[in-house]
Amino acid sequence: MTMTGSEIRESFLRFFEGKGHTRVASSSLVPKDDPTLLFTNSGMVQFKNCFLGLEDRGYRRAVSSQKSVRAGGKHNDLENVGVTARHHTFFEMLGNFSFGDYFKKEAIAWAWEYLTEVLKLPKERLWITIFRDDDEAFRIWLAMGVQEERIVRMGEKSNFWMMGETGPCGPCSEILYDQGVETGCGKPDCSVHCDCDRHLEIWNLVFTQFDRDASGKLTPLPKPNIDTGMGLERLAAVIQGVRSNYDTDLFTPIIRFIEKISGRTYGRSAEEDVSIRVIADHSRSVTFLIGDGVLPSNEGRGYVLRRILRRAARHGKLLGMNRPFLNEVSGVVIDQMKGAYPDLSERAAFIQKVVVNEEERFIDTLDAGLKILQEEVAALGKAGGKTVPGEIVFKLYDTFGFPTDLTADIVRKDGLTLDMEGFEKAMDAQREKARESWKGSGEEAISEIYHRLSIEGIATQFAGYEGRTTGKSVVTAILKGGHLVEQIGEGDEAEVIVAETPFYGEIGGQVGDTGGILSDGQAVFKVTDTKRPLDNLIAHVGRLQSGNLRKGDAVGLRVDDESRRATEANHSATHLLQAALKRVLGEHVKQSGSLVNGERLRFDFTHFSRIEEAQLLEVETLANRMIRANVPVETRVLPLAEAVKTGATAVFDEKYGESVRVVQMGEFSKELCGGTHVRRTGDIGLLKIVHESAVAAGVRRIEALTGGGAVVHVQRLEGELRGTAGLLKIGPLETADRTEKLLRRERELEREIEALKGKLAAKDSGDLMTRVRQVKGVDVLATLVEASDVKTLRDFGDKLRDRIRSGIILLGGRAEGKAMLLCLVTKDLTGRYHAGKIIQAIAPVVGGSGGGRPEMAQAGGPQPEHLEEALAKLPELL
Ligand SMILES: [Zn+2]
Ligand SMILES: [Zn+2]
């Protein structure tokens, strides 16, 4: 009986647990504190600081199955995924890790034992590569009983690993599986060096044993590390004896489902197979990315997600599916993976809702975009062009939501490429426009220095709960310009760290406190912000106003009371707001961001449609009812598992420690939260929602005020209303009615004016008919009229032509200091006279030019003082 993918995953984790490894859950696909990396793409990402000796997690051996995403970049173009047997955007990486504990000998021995004894892979199928100079690895592999000729020495490119230009690095050893001669290229010299699919790399063991300096010199590390990685999908293909990863049981249930909903059969048509594989692969990354809090957008991670999702949606269309379907495929992925990744079932409804929402948005524009693209392709085909212009690519991107690789995908079969340079140009132009509103991800790498302090045992206890705003402590570290110093003097900007503080360090949306730190030696440090670089480290940021402050000084701390109270009111109000939103809009409401300071609160949450005004009022009313109920705000510290059992709301994708605080307000609201809060809900005073808007696909934002700020806001609104009512001489509550009436009256008056103007023109034209002269048997009317714009002039012209029946009309008018001329020739005379030519001859008199059709033409010029002269020219011209 062959093992399933899940069984392989579990057997790997269990095997290394048996070797003293701690089983560590997969970290999020969104790397924490690493802005250089778009997505977690290997098992070692979450252990980076352990490898660098900057973090101690209490274990030295770890094993994990890490969810990973690679999408885009040089080595994993989206366009290969679905075409080949082994490219994926999402995959699982099995790995075992040693942080300065065991090394090469154990790593090799256990890898060999796992493959040959647990999985029982035939030894004669396995090949080993090692780094050219790594004799140590060579001897260990020999000792495992591997034949000498099966251990192949390779160069730096494939078998030497570096984290960056400098820093930890070391040789690697890869284990390859020979799938048999019939699977390869068939060349006589086919070997592990060959690029064909026969020798499959299944496991990479990295021996991090050197530190590399800028000159390239390698110094042995005192405590070398082990970092290994084995793709589960490949391994499953080997164990299950199938040629493609897509034929393993990790994919077959998804593929069966796609067959079912599309009515196609996998394996019948090469073209359709690509589409089916694309959907199968992409639905996995889409599901896991959204599960980890990434939402479709036009920037950064959200854009990668959007590209993947839309590519899958388009391939669904190629299979004849013209409705949203990916959410259903996503459901299959969730069912299949929730055993190994339990978070998925909890977020299932949310994930599927985001998927269907994005799909609907895209389907709306897909057809229109495809049509434009087809027209372009046809035009290029006729002209023999090979490149789709950058502006078209940009238009498709900007207006129709076509990611560029999707456009490239579509035109590839016609042998066309994209003008990416032109696209970038158009993009740059737009970016320039949007620069004002652009904001970065806001993430910063956590400076190493804080990790160092933490390892030296420096930590801060937060003692500002229960309304405490003062305390006494001792200075344990001072940072100036990012460096540790022993003391600071007057005027120095610095970060002061103490053993215990009532200052709240910014985290979870609540801003850091401000206030002052005083030493016995009369030093006064003004705190302008408080940060929390690590969970257990709080840094007071500010400036020493007088005296000297030294490490070891005893100090008194005082938080600015007023702003803390206001912040607390706003923070507690967000809890009431979230609870009220859940009641009014539904349980799908989840916090996706918040900002709380002394002035206001901002709360972002998931919701998929506009919020009706009545719903917003209901939310506000509910929250204020809870404020008036004045229930105590109770906090308890519980182990995480127990807290979750109480049904407390956890923030989406927030990382929690072993024990957590549960903040409860009656039966109305219960949330996991580390922030500071009012003592009773009544302290909030009043909650007033001031703004509601959309911030991203499926995310809404509410901004609100509380307490004194809310009262001032209401007073200002009322002031405005009273002012308006005063002008109208009515009561404030009648303004809407009255304004509506006034607007209606205004529209009526406008219509009346229009009608009067028309009548006036008709009367004028009647008077003007008396000026008709005969020239060569033709009725000619050349005259000035009162017309303030071209339209009025034309109205005149139309009316006069109706009256004259047969003849030539030349009208002159003044508008904004310029001359206008209009010439009309009735139909019966156009054989003899041409209005366009007449106007061409006359316009120069007013310093202008013009032209037009035989029966009508117009002109303008800068010299209205010559209008009479111009009109007089008509008879002689004829
Ligand atoms: Zn080959
Ligand atoms: Zn909170």
Side-chain angles (χ1 to χ4, degrees), residues 84-86 125 127 129 152 154 158 176-201 243 462 464-467 504-513 532 535 564-582 589-598 600-605 623 626-627 632-638 640 643-644 646-657 660-666 668-681 683-684 687 702 704 706:
T84 70
R86 316 219 183 269
R125 291 250 179 180
W127 287 75
T129 64
V152 184
M154 305 280 264
S158 63
L176 294 86
Y177 181 81
D178 181 357
Q179 301 192 88
V181 66
E182 68 284 358
T183 64
C185 55
K187 292 179 191 145
D189 62 344
C190 184
S191 70
V192 291
H193 294 284
C194 187
D195 271 344
C196 74
D197 204 36
R198 176 175 162 187
H199 297 91
L200 210 55
E201 292 155 13
R243 289 289 310 279
F462 176 62
Y465 288 129
E466 312 298 327
Y504 185 82
E506 172 163 12
I507 197 168
Q510 181 176 338
V511 295
D513 280 330
R532 194 164 181 165
D535 284 350
R564 162 73 83 81
R565 297 276 165 265
T567 304
E568 283 176 350
N570 281 333
H571 192 155
S572 300
T574 63
H575 286 218
L576 291 180
L577 195 58
Q578 168 154 234
L581 284 164
K582 275 180 187 294
V589 167
K590 281 205 163 57
Q591 174 172 344
S592 73
S594 80
L595 177 80
V596 174
N597 60 28
R600 68 205 176 97
L601 69 92
R602 198 176 78 194
F603 184 72
D604 294 350
F605 58 100
M626 278 309 291
I627 291 171
V633 177
E634 291 162 314
T635 58
R636 278 178 297 164
V637 176
L638 295 174
L640 179 59
V644 170
T646 67
T649 306
V651 174
F652 199 56
D653 208 40
E654 183 78 62
K655 230 184 181 173
Y656 294 101
V660 291
R661 285 177 92 238
V662 177
V663 177
Q664 183 164 2
M665 303 177 194
F668 191 71
S669 156
K670 202 188 285 177
E671 269 189 55
L672 302 190
C673 176
T676 63
H677 287 273
V678 297
R679 312 302 297 276
R680 305 183 73 95
T681 54
D683 299 342
I684 299 168
L687 172 80
I702 282 182
T706 66

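Source: prediction; values computed, not measured. We count ligands from 1, going down the list as the structure has it; atoms in each ligand are counted the same way. This chain uses plain numbering: 1 for the first residue, then up along the sequence. Just the heavy atoms: all of them, side chains too, but no hydrogens, waters or symmetry mates, feed the values below.
Around the Zn ion (ligand 1), the two atoms SG of C196 and SG of C194 are separated by an angle of 100°, to 10 degrees.
Residue A569 comes nearest to D683 through the heavy atom pair CB-O, 4.4 Å, listed as atom of the first residue, atom of the second, then distance. Closest of all the heavy-atom pairs between A623 and L576 is O-CD1, 4.0 Å. The two residues E182 and Q179 have their closest heavy-atom pair at OE2-O, 3.7 Å.
Checked against the Zn ion (ligand 2), the N, O or S atom of H575 at the shortest distance is NE2.
Using a cut-off of 2.8 Å, one finds that H571 contributes an N/O/S atom close to the Zn ion (ligand 2). Using a cut-off of 2.8 Å, one finds that H199 contributes no N/O/S atom close to the Zn ion (ligand 1).
At least one side-chain heavy atom of E466 sits less than 4.5 Å from a side-chain heavy atom of T635.
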